[in-house]
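What you see is a predicted model, and the numbers here were worked out from it, not measured in a lab. Along the sequence shown, residues are numbered consecutively beginning with 1. We use all heavy atoms of the structure for the numbers below, so side chains are in, but hydrogens, waters and symmetry mates are not.
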Amino acid sequence: MEKNKKDTTQQAEMEAMQAAQAENRTEDAEDTEPEDLVLRFSKPYKFGGVEYTEVDLSGLEDVTAGVLENVGKITAKKNPGMNPALQEMSLTFCTYLAQRVAKLPLEFFTGLPAKEAIKLKALVTNFLYGGDGED
């Protein structure tokens with residue numbers, strides 16, 4: 001009888017552990033959902049006769065070290081006094097990188113309203129440094 005009690009207790013503990021592990025897996029799956037790499041504008045933005053409400057920057061997922069290096073060289077030429085260790089946090093770097101991944105003219109990004117430009121910078125730097133891409 002003592003053995004049956006022990007077996008029942010062990011089985012209950014095992015079931016509780018399995019339930020906890022299943023719950024953790026569900027939470028982990030929710031945490032690993034893909035980042036939203038779409039820059040949504042507060043107000044429609046007109047460029048080249050077209051009205052934009054958002055820009056898809058999901059191409060950031062495919063950026064290579066070579067692309068970062070090329071954009072870094074451009075940024076260094078545009079801002080020669082900038083600390084190279086911080087260049088990927090600059091608006092210049094973010095606009096050039098966004099231009100490459102969105103395949104839009106650079107003027108599209110340099111013409112953004114200030115608030116939208118800062119949102120762009122936050123999205124790109126958060127992506128590069130492992131943030132969630134949200135405000």
- Query: Do E61 and F127 have side chains that get closer than 4.5 Å, going by heavy atoms?
  - Reply: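 E61 vs F127: side chains touch.
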- Heavy atoms, side chains only, cut-off 4.5 Å: are T75 and M82 in contact?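 Side chain of T75 against side chain of M82, heavy atoms only: contact under 4.5 Å found.
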- Message: I need the minimum non-hydrogen distance between L120 and A98, along with the two atoms involved.
- Response: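 In terms of heavy atoms, the two residues are closest at CD1-CB, 3.7 Å.
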- A102 and L57: which non-hydrogen atoms are nearest, and at how many Å?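 So the minimum-distance heavy-atom pair works out to CB-CD2, 3.9 Å.
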Common cluster, [X]/[Y], ILVMFWY with side-chain heavy-atom separation under 4.5 Å:
| X | Y | answer |
| --- | --- | --- |
| L112 | L106 | yes |
| V38 | V101 | no |
| I74 | L91 | no |

Taking atom [atom1] of [X] and atom [atom2] of [Y], what is their separation to the nearest 0.5 Å?
| X | Y | atom1 | atom2 | value |
| --- | --- | --- | --- | --- |
| L128 | L97 | CG | CG | 6.5 Å |
| N126 | L37 | CG | CG | 10.5 Å |
| Y45 | E51 | OH | CD | 12.0 Å |
| Y52 | F47 | OH | CZ | 7.0 Å |
| K73 | L68 | NZ | CG | 12.5 Å |
| F93 | K121 | CZ | NZ | 12.5 Å |

- Between E88 and T125, do the side chains contain an N or O donor and an N or O acceptor separated by less than 3.5 Å?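 Looking only at side-chain atoms, T125 and E88 do not form any donor-acceptor pair under 3.5 Å.
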- Is the backbone of S42 close enough, under 3.5 Å, to the side chain of E116 for a donor and an acceptor to pair up by distance?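 Yes, E116 side chain to S42 backbone: donor-acceptor pair under 3.5 Å.
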- Query: Just by distance, do the side chain of K119 and the backbone of R40 share a donor-acceptor pair under 3.5 Å?
  - Reply: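 Present.
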- Residue pairs passing the side-chain hydrogen bond (donor to acceptor under 3.5 Å, both in side chains) test where at least one lies in residues 90-110, sequence neighbours excluded: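 For residues 90-110, and leaving out neighbouring residues, the side-chain hydrogen bond (donor to acceptor under 3.5 Å, both in side chains) pairs sorted by first residue read N79-T92.
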- Message: For M89, I'd like to know if atom CE has over 12 heavy atoms of other residues, nucleotides or ligands within 6.0 Å.
- Response: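 Atom CE in M89 is not packed in, count stays at 12 or less.
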